[in-house]
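Have a look at the structure below, then the notes.
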Amino acid sequence: MSVQIRDTLSGRLVEVGEGGNIGLYVCGPTVYNHIHIGNARAPLFWDVVVRYLRSRGYGVTFVQNITDVEDKIINKANEEGVSWQEVVDRYTDSFHERLDLLGVNLPDVEPRATEHIPEMISLIQELIEGGHAYAPGNGDVYYRVESFPSYGQLSRQRPDEMRETEKAQTGSKESPLDFALWKASKPGEPSWESPWGPGRPGWHIECSAMVEKHLPEGADIHGGGTDLRFPHHENELAQSAGAHPDHTFVRAWAHHGMVNFAETGKMAKSLGNILDVKDAVDRHGRDALRMWLLQSHYSQPIEYSENILEEKRRSYERLQHLYSRIFGSTSSSELDAGLARELRERVDRAMLEDLNTPEAVAAIFELAGRVGAEISARPGAVHEFRALAEALAEILTTFGFDLAEESVAEVNGIRIRYAEEPEAGVLARVAEREGARRSKDWALADRLRDELKAEGWLVEDTPEGPVLGRR
RNA sequence: GGCGGCAUGGCCGAGUGGUGAGGCGCCGGACUGCAAAUCCGUUAACCCCGGUUCGAUUCCGGGUGCCGCCUCCA
């Protein structure tokens with residue numbers, strides 16, 4: 001069994017993980033602000049992928065870096081009159097808090113740029129020795145793009161056709177296309193000793209160094225947003241392949257689409273149209289956010305709106321309800337076993353071909369529909385889905401959803417289902433109310449329901465008995 | 001200007017050379033003392049013009065529109 005990934009470099013499906021192990025590197029945040037939901041796409045999506053691959057028996061090494069030295073961090077620190085380390089600490093904590101809110105697991109390795117300065121320096125030295133880089137003598141070191149003939153391959157750009165912009169000023173560079181590997185530090189800026197004088201690393205070099213260090217066999221999959229394809233990944237590739245032409249750097253590049261707002265387009269800090277992950281989770285809950293991301297393919301752009309997220313919340317609830325209904329099934333049937341098997345197979349097929357989460361989610365819903373139809377036709381069947389309940393729980397958990405497992409209490413022969421443990425006396429009154437209902441004492445039943453409602457509990461009557469929930 | 005991607009039913013969104021994924025909504029129904037839910041069923045689409053083909057939403061060409069990138073934005 002192997003996973004196929006649509007590699008952005010070749011445009012083809014590439015097999016990875018044949019040997020059972022997968023090294024995954026994903027570009028993480030530059031910590032100079034709270035992450036917005038656009039930034040959340042990568043951690044959330046890859047979290048699902050990692051969980052899934054592990055559930056299928058793969059050994060996964062998941063590396064996601066934190067960029068903790070960069071112009072924007074320095075600018076932020078200067079604006080606020082604090083040290084750059086303070087900015088880094090604050091927003092690294094914020095990042096972790098938000099991952100936690102999203103229910104995203106931390107990667108196996110979370111390397112920081114500043115912890116890899118020696119590796120970067122030695123990589124730069126190798127590039128200089130190989131003629132791929134030069135130090136003009138002012139403390140900077142630049143990559144010599146001309147020395148790498150396949151430059152532009154990843155982004156399908158031809159160097160001679162690249163538009164010249166002010167951002168690509170020549171300065172002390174040989175060519176406007178050359179990019180900084182090392183920058184001389186100005187006073188007050190983060191600074192490390194180097195063969196070229198005190199300085200700090202360029203942006204791209206950190207990822208080259210960290211991929212090589214933490215995934216010595218090369219990255220099977222290298223993820224990041226489509227906006228990183230150029231220049232960031234193009235430059236990473238030029239650096240790593242330039243320094244080590246015989247070593248595989250990346251087997252499959254997987255670029256995910258941008259998150260857009262319907263009205264204002266791409267969500268970007270520079271455009272000011274950002275939505276903090278925290279606000280999105282507060283508004284819609286993490287499960288809705290997961291459903292939203294999983295119901296479209298990672299390679300496509302995705303649109304955010306309050307309405308869409310509300311829709312996704314409802315979608316997820318439907319699965320949660322189905323699970324609640326069949327959870328606790330004590331027996332299995334031929335139908336049950338067949339549905340469980342089909343569910344697992346279809347999810348696998350979808351995921352193993354380019355991580356097609358929407359296809360996998362569709363399979364879950366489709367199977368759910370068939371269960372509903374069976375229960376609808378034969379209510380007693382609700383207790384005969386042990387295998388499917390198990391498969392469903394496993395898959396939804398693998399996708400990182402919070403599956404609420406209901407408890408069942410039996411009071412005076414009345415079965416009451418609830419997800420959240422109620423305080424003493426509540427269950428007794430729910431049972432009392434159900435007793436009142438059975439003897440058609442509607443006045444008492446309604447009074448008890450109102451009473452419980454005032455205390456924050458909602459009682460719903462179902463054919464299978466009362467269900468207690470939070471209002 | 002260059003490069004890349006995308007155009008699917010009211011909305012979101014997969015996929016396929018020929019039997020209409022899936023979700024949300026609408027509508028119909030079931031359940032129901034009331035309430036709130038829930039469940040079932042149905043509805044409906046492949047941007048435009050050519051071409052290839054027995055047959056194209058799917059392949060090719062052209063057009064239109066939208067999005068991203070073009071040196072440090074996930």
Side-chain angles (χ1 to χ4, degrees), chain A residues 8 11 26-30 35-43 45 67 70-72 143 145 152 155-158 160-169 176-180 183 202-204 223-232 234-235 255-260 265-271 291-292 295-297 299-303 305 307-308 310-319 321-322 324-325 346 350 356-366 368-369 371-377 379 437 440-442 445-446 449-450 453 458-464 467 469:
Chain A
T8 323
V26 177
C27 286
T30 300
I35 61 162
H36 56 66
I37 57 175
N39 298 310
R41 188 173 196 181
F45 172 69
T67 297
E70 216 269 322
D71 288 357
K72 289 193 290 289
Y143 190 92
V145 167
S155 54
R156 310 249 160 89
Q157 302 268 349
R158 289 182 41 189
D160 54 329
E161 281 176 354
M162 285 184 199
R163 184 197 252 178
E164 293 194 16
T165 69
E166 288 181 25
K167 283 190 273 187
Q169 280 166 6
L177 292 175
D178 294 349
F179 55 92
K183 301 174 176 188
W203 179 36
H204 319 296
T226 54
D227 55 347
L228 294 187
R229 200 166 158 185
F230 191 90
H232 185 56
E234 189 74 62
N235 290 351
H255 290 103
H256 64 261
M258 298 290 100
V259 173
N260 298 316
K266 187 177 93 159
M267 186 173 305
K269 291 166 188 167
S270 56
L271 297 176
M291 187 56 87
W292 168 63
Q295 279 196 324
S296 70
H297 193 262
S299 62
Q300 298 305 125
I302 188 171
E303 193 171 294
S305 77
N307 286 343
I308 290 171
E310 175 58 18
E311 205 177 87
K312 301 306 177 187
R313 191 184 58 73
R314 278 187 226 138
S315 301
Y316 178 67
E317 278 185 1
R318 184 148 163 245
L319 292 182
H321 280 128
L322 170 80
S324 297
R325 289 179 85 193
R346 287 177 61 178
N356 196 333
T357 56
E359 189 83 40
V361 171
I364 301 172
F365 275 109
E366 219 260 310
V371 173
E374 174 69 10
I375 295 173
S376 187
R437 286 187 69 239
K440 300 200 189 301
D441 184 350
W442 310 127
D446 288 351
R449 185 171 59 196
D450 289 345
K453 191 176 171 188
L458 193 69
V459 186
E460 291 177 10
D461 302 323
T462 76
E464 289 121 38
V467 175

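Labels below follow one simple rule: chain letters A, B, ... track the order of the sequence lines, proteins then strands, and each chain is numbered from 1. All values derive from a computational prediction rather than experimental measurement.
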Fill in the blank from the handout: Separation of B:rC70 atom P from A:Leu177 atom CG, nearest Å, is 13 Å
Exercise for the section: Quote, to the nearest angstrom, the C1' distance that separates B:rA44 from B:rG51. Expected result: 30 Å
Problem - Pairing pattern in dot-bracket form [Watson-Crick, G-U; both distances under 3.5 Å; | = partner strand] for RNA chain B - result: (((((((..(((.....[...)))..((((.......)))).....(((((..]....))))))))))))....
Exercise for the section: For nucleotides B:rU32 and B:rC39, find the distance between their C1' atoms and express it as a whole number of Å. Expected result: 13 Å
Exercise for the section: Any chance you could lay out the side-chain contact (heavy atoms from CB on, under 4.5 Å) test for A:Leu319 and A:Met291, step after step, and finish with the verdict? Expected result: CA-CA 11 Å; A:Leu319 292 182; A:Met291 187 56 87; 3.8 Å; yes
Exercise for the section: Tell me whether the centres of the aromatic rings in A:Phe179 and A:His204 are closer together than 6.0 Å. Expected result: yes
Completion exercise
Value for CD1 (A:Ile375) from CG (A:Leu322), rounded to nearest 0.5 Å, stands at 6.5 Å
Practice task
Report the nucleotide, chosen from B:rC39, B:rC70, B:rA74, that has the shortest atom-to-atom distance to any side-chain atom of A:Arg318.
Solution key: B:rC39
Exercise for the section: May I ask you to say what A:Ala42 touches in the nucleic acid, namely base, sugar-phosphate or nothing, with a heavy-atom cut-off under 4.0 Å? Expected result: nothing
Exercise for the section: Look at the side chain of A:Arg437 and the backbone N and O of A:Ala445, then say whether any donor-acceptor pair between them is shorter than 3.5 Å. Expected result: no
Handout entry: From CG (A:Asp227) to SG (A:Cys27), nearest 0.5 Å
Key = 10.0 Å
Problem - Along RNA chain B (nearest heavy atom to each residue), the more 5'-positioned of A:Ser315 and A:Arg325 - result: A:Ser315
Practice task
Indicate, with a heavy-atom threshold strictly under 4.0 Å, whether A:Phe179 touches base, sugar-phosphate, or nothing.
Solution key: base
Exercise for the section: With C1' as the reference atom in both, quote the distance from B:rG15 to B:rG20 in angstrom, rounded to an integer. Expected result: 12 Å
Exercise for the section: Rounded off to whole Å, could you give me the CD-to-C1' distance for the A:Glu366 and B:rG22 pair? Expected result: 8 Å
Problem - Any donor-acceptor N/O pair, A:His256 side chain to A:Gly224 backbone, under 3.5 Å - result: yes
Handout entry: Atom-pair distance (CD on A:Gln157; C1' on B:rG1), nearest Å
Key = 12 Å
Practice task
To the nearest Å, give me how far apart CD1 (A:Ile375) and P (B:rG41) are.
Solution key: 12 Å
Fill in the blank from the handout: Rounded to whole Å, the CG-C1' distance (A:Asp450 to B:rA36) equals 13 Å
Problem - Nearest-angstrom distance from the residue atom NE2 of A:His255 to P of B:rA74 - result: 13 Å
Handout entry: Side-chain heavy-atom pair A:Pro301, A:Asn260 within 4.5 angstrom cut-off
Key = yes
Problem - Check: A:Trp292 side chain, A:Glu303 main-chain N or O, donor-acceptor pair, under 3.5 Å - result: yes
Completion exercise
The contact string for nucleotides 4-15 of chain B, one letter per nucleotide 5' to 3', using protein heavy atoms under 4.0 Å with B, S and - for base, sugar-phosphate only and none, comes out as S-S----BSSSS
Handout entry: Between P of B:rG25 and CG of A:Asn307, the distance in whole Å
Key = 12 Å
Exercise for the section: Indicate, with a heavy-atom threshold strictly under 4.0 Å, whether A:Gly152 touches base, sugar-phosphate, or nothing. Expected result: nothing
Practice task
Considering only atom P, compute the distance from B:rA37 to B:rC70 and round it to an integer number of Å.
Solution key: 47 Å
Exercise for the section: Decide whether A:Glu234 and A:Ser155 meet the rule of one side-chain donor and one side-chain acceptor closer than 3.5 Å. Expected result: yes
Practice task
Taking atom P in both B:rC12 and B:rG62, compute the distance separating them and give it to the nearest angstrom.
Solution key: 29 Å
Handout entry: Between B:rA74 (P) and A:Asn39 (CG): distance, integer Å
Key = 5 Å
Exercise for the section: Please report the C-alpha distance between A:Thr357 and A:Phe45 in whole Å, then the side-chain angles of each, then the deciding distance to 0.1 Å, and finally whether the side-chain contact (heavy atoms from CB on, under 4.5 Å) criterion is met. Expected result: CA-CA 9 Å; A:Thr357 56; A:Phe45 172 69; 4.1 Å; yes
Problem - Side chain proximity check, A:Arg229 to A:Arg156, heavy atoms < 4.5 angstrom - result: yes
Practice task
For nucleotides B:rC59 and B:rG18, find the distance between their C1' atoms and express it as a whole number of Å.
Solution key: 14 Å
Handout entry: Under 4.0 Å protein heavy-atom contacts per nucleotide of nucleotides 26-35 of chain B, with B for base, S for backbone only and - for none
Key = -----S-BBB
Exercise for the section: Could you work out the separation of B:rG22 and B:rA14 based on their C1' atoms and round it to a whole Å? Expected result: 7 Å
Fill in the blank from the handout: The answer to which of A:Glu374 and A:Ala180 contacts RNA chain B further toward the 5' end, by nearest nucleotide, is A:Glu374
Practice task
Check for a donor-acceptor pair, side chain of A:Asp178 on one end and backbone N or O of A:Val145 on the other, with a separation under 3.5 Å.
Solution key: yes
Problem - Rounded C1' spacing from B:rA74 to B:rG55 in Å - result: 44 Å
Problem - Touch class at under 4.0 angstrom, heavy-atom based, for A:His321 against every strand present - result: sugar-phosphate
Handout entry: pair A:Arg325-A:Val371: side-chain heavy atoms closer than 4.5 Å
Key = no
